[in-house]
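Beneath this line is the structure, given in structure tokens, with notes to follow.
Scope of the values below: all heavy atoms of this structure, side chains included, with no hydrogens, waters or symmetry mates. The model shown is predicted, which means the values in this text are computed figures rather than measured ones. First the proteins, then the strands, lettered A, B, ... as listed; each starts at 1.
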There are 2 protein chains.
Amino acid sequence: MADDTRLRILRAGGPIFAGGGFEGTTVREICAAADVNLASVNYHFGSKETLYLETVQLAHQEKLLRVPPAAWPADASPQDKLRVFVGTILNRLLGEGDIGWETRLLMREMIHPTHACRPLVEDYIRPQFDQLLDVLAELLPDTTEPSVRHRVAFSIVGQCLHYRFASEFVSLLIGDERSTGAYSIEELSEHITRFSLGGLEAFRNEQPRSTCLTERPEKRNESGTVSATSIH
Amino acid sequence: MADDTRLRILRAGGPIFAGGGFEGTTVREICAAADVNLASVNYHFGSKETLYLETVQLAHQEKLLRVPPAAWPADASPQDKLRVFVGTILNRLLGEGDIGWETRLLMREMIHPTHACRPLVEDYIRPQFDQLLDVLAELLPDTTEPSVRHRVAFSIVGQCLHYRFASEFVSLLIGDERSTGAYSIEELSEHITRFSLGGLEAFRNEQPRSTCLTERPEKRNESGTVSATSIH
DNA sequence: AGGCGTTTCATACACTTGTTTGAACATAAC
DNA sequence: GTTATGTTCAAACAAGTGTATGAAACGCCT
């Protein structure tokens, strides 16, 4: 019975902490939702803070089990791998019917990092990041510098995260356009993949850098990709 | 002297609210920082909540004055306009020496929208969004659908916002790579512009959609851009 | 100077917060 | 049954919260 109340507190804490943040959430609230006595949280966790830390940990641990990492056949093209990766991330961020409170916890952790931040990144974020880097390795020249690879990776996940972080702003900006389905997970996944593959093209021919951007859109050089041939 | 304390409260409230959020920030804290009496906030604002709303409003109002919107010569190429736009956004998000607490307020508002959200978007976000759409209009075919234009715009600002939202995660992921300067505002601006112009290329030849992404990177068709010619 | 509306101040008021306490309860070993 | 150990419970605690109050101080007009 002891472990039971412990788990009940942890599971109840997730969505509540996600909704209100650490401050803004009361232990009474959590205890009521978990249907346990008020003193239980201090008996089992010692303090509200360690309860929070354990909650964050468990939340992403369970989330990782529930929605597994991206996977693809061994002979998939790198483009398809990227598409699957983007789709997986978006599903993790936006999907799952209910509300996706786990990612709200993650967002809060991004804005206001606590001690839960570092293990979260190492256990939960870095594996996905490395997976994306592996895909990018197939799409970028071998000579591409690590920092450039990283920035490209951030450009891709940044597009995905935007629809989670700024979802309220997006809704206000586009009005009722969302009802057209243009912002479904499938459409967004397709769009981001397409945009990113285009963006990758700009890094396929390694240039010194930063000199390939002033070409006018009307003309296109023979390689077809933006290049450094025309500095205005 | 009355307006003076009013303003002092508002200005002191900005960074404090940004740091601790609405909950997590005490009126006493703000009054101490503003060096005014505790009762002043209720005398001048009526409640903590309306103080918060007015604080958010003033913060972005002053921010908008301090770092003006992107501007370019009339004959600038759309590519250059995009570069300037991205640079301006990044400067607004990451620049300004101190800490940029205004954007933290904005981030909080994104995650946990309050009544301050709607006017914030209309007065502060939408003008920039429209400006970006104007630039994109020069880079995309006239036939491009509005929803596609919007998603492209989000792909661009998403890349920028990522370095503000996930800055802690970015730091943890890249280790001390930041010290190389690869994540300076200038470098990031250059990278995002380059990546985005590449991404835009993928939308230059309007395809039905979603069929242009499986081309293998080694071969390239004559137009040079990714296209719908090969479905695997 | 004197009166008056406005603003400041110290203080107090409910109320909520996380945490503690000590008794009641359970369960198993002997 | 008795003891021992681990767990729950209602109640209370001290500290901190937003807000209210009434007196004091100020500035300004006549």
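Within a 6.0 Å sphere centred on CD of Glu54(B), other residues, nucleotides and ligands contribute more than 12 heavy atoms. In Gln131(A), the CD atom is crowded: over 12 heavy atoms of neighbouring residues, nucleotides or ligands sit closer than 6.0 Å. Around atom CD of Glu145(B), no more than 12 heavy atoms belonging to other residues, nucleotides or ligands sit under 6.0 Å away. Residue Arg178(B) places its CZ atom among more than 12 non-hydrogen atoms of other residues, nucleotides or ligands, all under 6.0 Å distant.
One finds no side-chain N or O of His44(A) lying less than 4.0 angstrom from the OP1 or OP2 phosphate oxygen of dG6(D). Between dT7(D) and Asn37(A), no contact under 4.0 Å exists linking OP1 or OP2 to a side-chain N or O. For Ser40(A), no side-chain nitrogen or oxygen approaches OP1 or OP2 of dT7(D) to under 4.0 Å.
Nucleotide dT6(C) holds its P atom 19 Å from the CG atom of Asp4(B), rounded to whole Å. Summarising the geometry, the separation between CZ on Phe45(B) and P on dA20(D) is reported as 16 Å, rounded to the nearest angstrom. Following rounding to the nearest Å, Ile9(B) (CD1) and dC9(C) (P) show an atom-to-atom distance of 10 Å. Between the P atom of dT7(C) and the CZ atom of Arg8(B) lies a distance of 14 Å, rounded to the nearest Å.
Of the residues near DNA chain D, Glu49(B) and Tyr43(A), the one whose nearest nucleotide (by heavy atom distance) lies more toward the 5' end is Tyr43(A).
Listed here is the closest heavy atom pair of Glu138(A) and Lys81(A): OE2-NZ, 2.7 Å. The two residues Lys48(A) and Glu23(A) come nearest to each other via the heavy atoms NZ-CA, 4.3 Å. The two residues Met110(B) and Glu168(A) make their nearest non-hydrogen contact at O-CB, 4.2 Å. The shortest non-hydrogen separation linking Ala33(A) to Ile16(A) is CB-CD1, 3.7 Å.
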What protein N or O atoms touch nucleotides 21-24 of chain C N or O atoms at under 3.5 angstrom, if any, and at what distances?
none

Report each atom pair, protein N/O against N/O of nucleotides 16-18 of chain C, whose distance is under 3.5 angstrom.
unit_1: dG18(C); atom_1: OP1; unit_2: Thr25(A); atom_2: O; d: 3.1
unit_1: dG18(C); atom_1: OP1; unit_2: Val27(A); atom_2: N; d: 3.4
unit_1: dG18(C); atom_1: OP1; unit_2: Lys48(A); atom_2: NZ; d: 2.9
unit_1: dG18(C); atom_1: OP2; unit_2: Val27(A); atom_2: N; d: 3.1
unit_1: dG18(C); atom_1: N7; unit_2: Arg28(A); atom_2: NH1; d: 2.7
unit_1: dG18(C); atom_1: O6; unit_2: Arg28(A); atom_2: NH2; d: 2.9

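Between Phe203(B) and His191(A), the distance separating the two ring centers is shorter than 6.0 angstrom. Residues Phe129(B) and His150(B) place their aromatic rings such that the two centres sit under 6.0 Å apart.
Distance alone, capped at 3.5 Å, is enough to place a donor-acceptor pair between the Arg126(A) side chain and the Leu173(B) backbone.
Applying a 4.0 Å cut-off to non-hydrogen atoms, none of the residues of residues 10-19 of chain B approaches DNA chain C.
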